[in-house]
Amino acid sequence: MSNPAEKIRCDACPVNCYIAEGRAGACDRYANHGGDLVRLDMLTIIDAEPDTMVPFLSGTDGTDWDGDLVHSNRPFVTAVGAGTTYPDYKPAPFIVSQPVAGVDMVTVVTEGIFSYCGVKVKIDTDRHIGHECAIVRVDGEAIGHVMTSEYGSKMLSLGGVEHLTGGSKKEGRVTCDALLRLCNREAVEMTIDDVRIVVQAGHAPIINGEVERLMRVGCGSAAIGMFAKQWFEHLDDVVVVDDHITGVLSEHQAGKELGVPPTGIRIKGRRSTPGRYFQVAEPGTGWGGTNIDDPLTILGPFKPDVAWAGMRMLMVSTTGEQSGYFELDSDLVPQPRPMPEKVQASVERVAENCEPSICSVLFMGGAGGSLRAGVTENPVRLTRSVKEALTYVSCGGAEAYVWPGGGITVMVDVMDMPTGSFGYVPTPALVAPIEFSLRASDYAALGGHVDAIRPLDSIPRDKTRRVGPARNQPDPTAAVNFSWSTNKERKP
Ligand code: SF4
């Protein structure tokens with residue numbers, strides 16, 4: 001048992017851990033090393049060429065900027081590993097300056113403690129994973145819900161202050177842990193009613209043990225529109241089975257314009273416009289996100305005065321993964337037949353046009369609260385400065401989408417951020433990196449902690465982790481991000 005007198009108090013968050021020599025605090029971010037409180041992860045700097053050992057502090061005064069936003073040679077100090085100051089009125093852990101194309105720029109860097117945060121998850125799949133508003137659970141605890149489906153994707157809203165703080169202690173802890181793992185690109189298994197799903201940023205979802213391969217080509221109607229020309233010469237009718245909008249070639253406008261005659265087909269479900277049917281089956285994990293394994297179950301009897309024996313029909317799902325070729329017998333009943341080569345090729349074309357199915361995880365958090373005090377003594381001026389596009393907000397160097405309206409509510413793709421960007425504190429809350437970049441003159445004007453500014457090259461190089469820039473990410477300090485260069489402000 002350690003002597004409490006040997007412990008040091010961590011003041012980086014409200015938990016105020018007393019940490020014994022050689023031990024880490026409750027969040028595993030801070031430790032007691034020989035009586036010094038140290039941040040265990042290194043400060044992360046984005047460097048254009050981290051693997052070639054180009055000194056990250058040399059030759060980067062900005063005067064050689066070539067206008068390439070993605071691959072500027074300037075290093076950028078992210079907030080990953082920067083630490084947190086608490087209470088909030090203390091200046092942020094790093095406020096660094098560097099000249100950029102002749103302009104003195106300042107970046108204020110801090111690891112924010114976000115009680116108001118969560119993730120939005122996009123899962124590219126047609127499969128039914130739960131109705132809108134269904135509860136998403138991890139270890140039996142509610143951590144979020146299913147929200148409105150998007151085109152070819154199911155969406156989840158996870159975390160948020162209600163789950164972090166408004167439920168039981170276990171609900172808050174499990175929610176925080178799930179968010180942390182998702183944001184750090186780890187796999188998290190969750191359940192939605194009787195569906196099991198594994199979500200990992202940048203990876204295919206695993207639904208009820210099956211790895212999803214393809215995102216659908218489009219809805220059933222869109223698929224008819226796309227491929228009608230490739231079908232009408234080889235088939236009399238095509239049904240693209242989809243949970244939302246099932247398409248029928250002979251009735252669809254695309255078929256009409258190509259001269260496809262009526263086939264007497266009858267589809268169960270609610271007819272919307274010609275060749276487009278809703279609710280042909282229940283949602284599920286079968287064909288096109290329905291619950292069916294036998295596509296013929298969505299057909300009614302063919303109209304005897306229109307249909308004819310030998311009529312050729314393709315039924316295909318929206319990913320092309322399920323398909324069947326049928327011909328009507330003398331009783332006008334569809335019978336499965338070997339699929340002709342050209343029809344098979346068209347089914348493969350549908351699958352070829354599907355993109356790989358992946359999970360996307362976007363962190364969303366509110367930075368319009370007390371952490372602003374680490375940037376300026378007059379917090380509302382930071383909010384205004386962001387709205388006026390005088391201040392550029394990034395998370396781990398990745399561009400943050402700032403929502404219109406009040407506050408500084410940001411959203412960022414975790415795949416654009418350095419690995420291991422996120423931490424947590426057991427309050428519970430997520431710890432996320434956030435950087436505010438602006439001109440030094442603007443920083444002074446908004447009441448910034450100018451006495452705490454230090455030049456970039458004062459940061460000891462051996463205490464940093466250097467990572468390469470993410471693809472397609474703008475340089476946070478580039479002039480094009482700011483209204484003084486572009487005359488464009490953010491939406492109010
Ligand atoms: S939880 Fe972490 S940041 Fe908070 S006081 Fe403990 S060690 Fe410090």
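We're numbering straight along the sequence, starting at 1. Each ligand, and each atom within it, is numbered from 1 in the order the structure gives. Computed from a predicted model, the values in this text were never measured in an experiment.
Remark: S385 pairs with T391 by the side-chain hydrogen bond (donor to acceptor under 3.5 Å, both in side chains) rule, at least two apart or across chains.
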Under 3.5 Å, which donor-acceptor pairs do the side chains of residues 354-368 form with other protein atoms, sequence neighbours left out?
unit_1 : atom_1 : unit_2 : atom_2 : d
S357   : OG     : D124   : O      : 2.3

Donor-acceptor pairs under 3.5 angstrom involving side-chain atoms of residues 126-133: please list them, not counting sequence neighbours.
unit_1 : atom_1 : unit_2 : atom_2 : d
D126   : OD2    : T318   : OG1    : 2.4
R127   : NE     : E212   : OE1    : 3.3
R127   : NE     : E212   : OE2    : 3.0
R127   : NH1    : T285   : O      : 3.2
R127   : NH2    : E212   : OE1    : 2.8

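Judged purely by distance below 3.5 Å, without hydrogens or angles, the side chains of R196 and T191 never pair a donor atom with an acceptor atom.
Between E111 and R39, at least one side-chain N (NZ, or NE/NH1/NH2) sits under 4.0 Å from a carboxylate O, which counts as a salt bridge.
Within the protein, the N, O or S atoms sitting under 2.8 Å from atom 4 (Fe) of ligand 1 are C13 SG.
Below 30°, between 30° and 60°, or above 60°: for W484 and F482 the angle between ring planes is below 30°, a parallel geometry.
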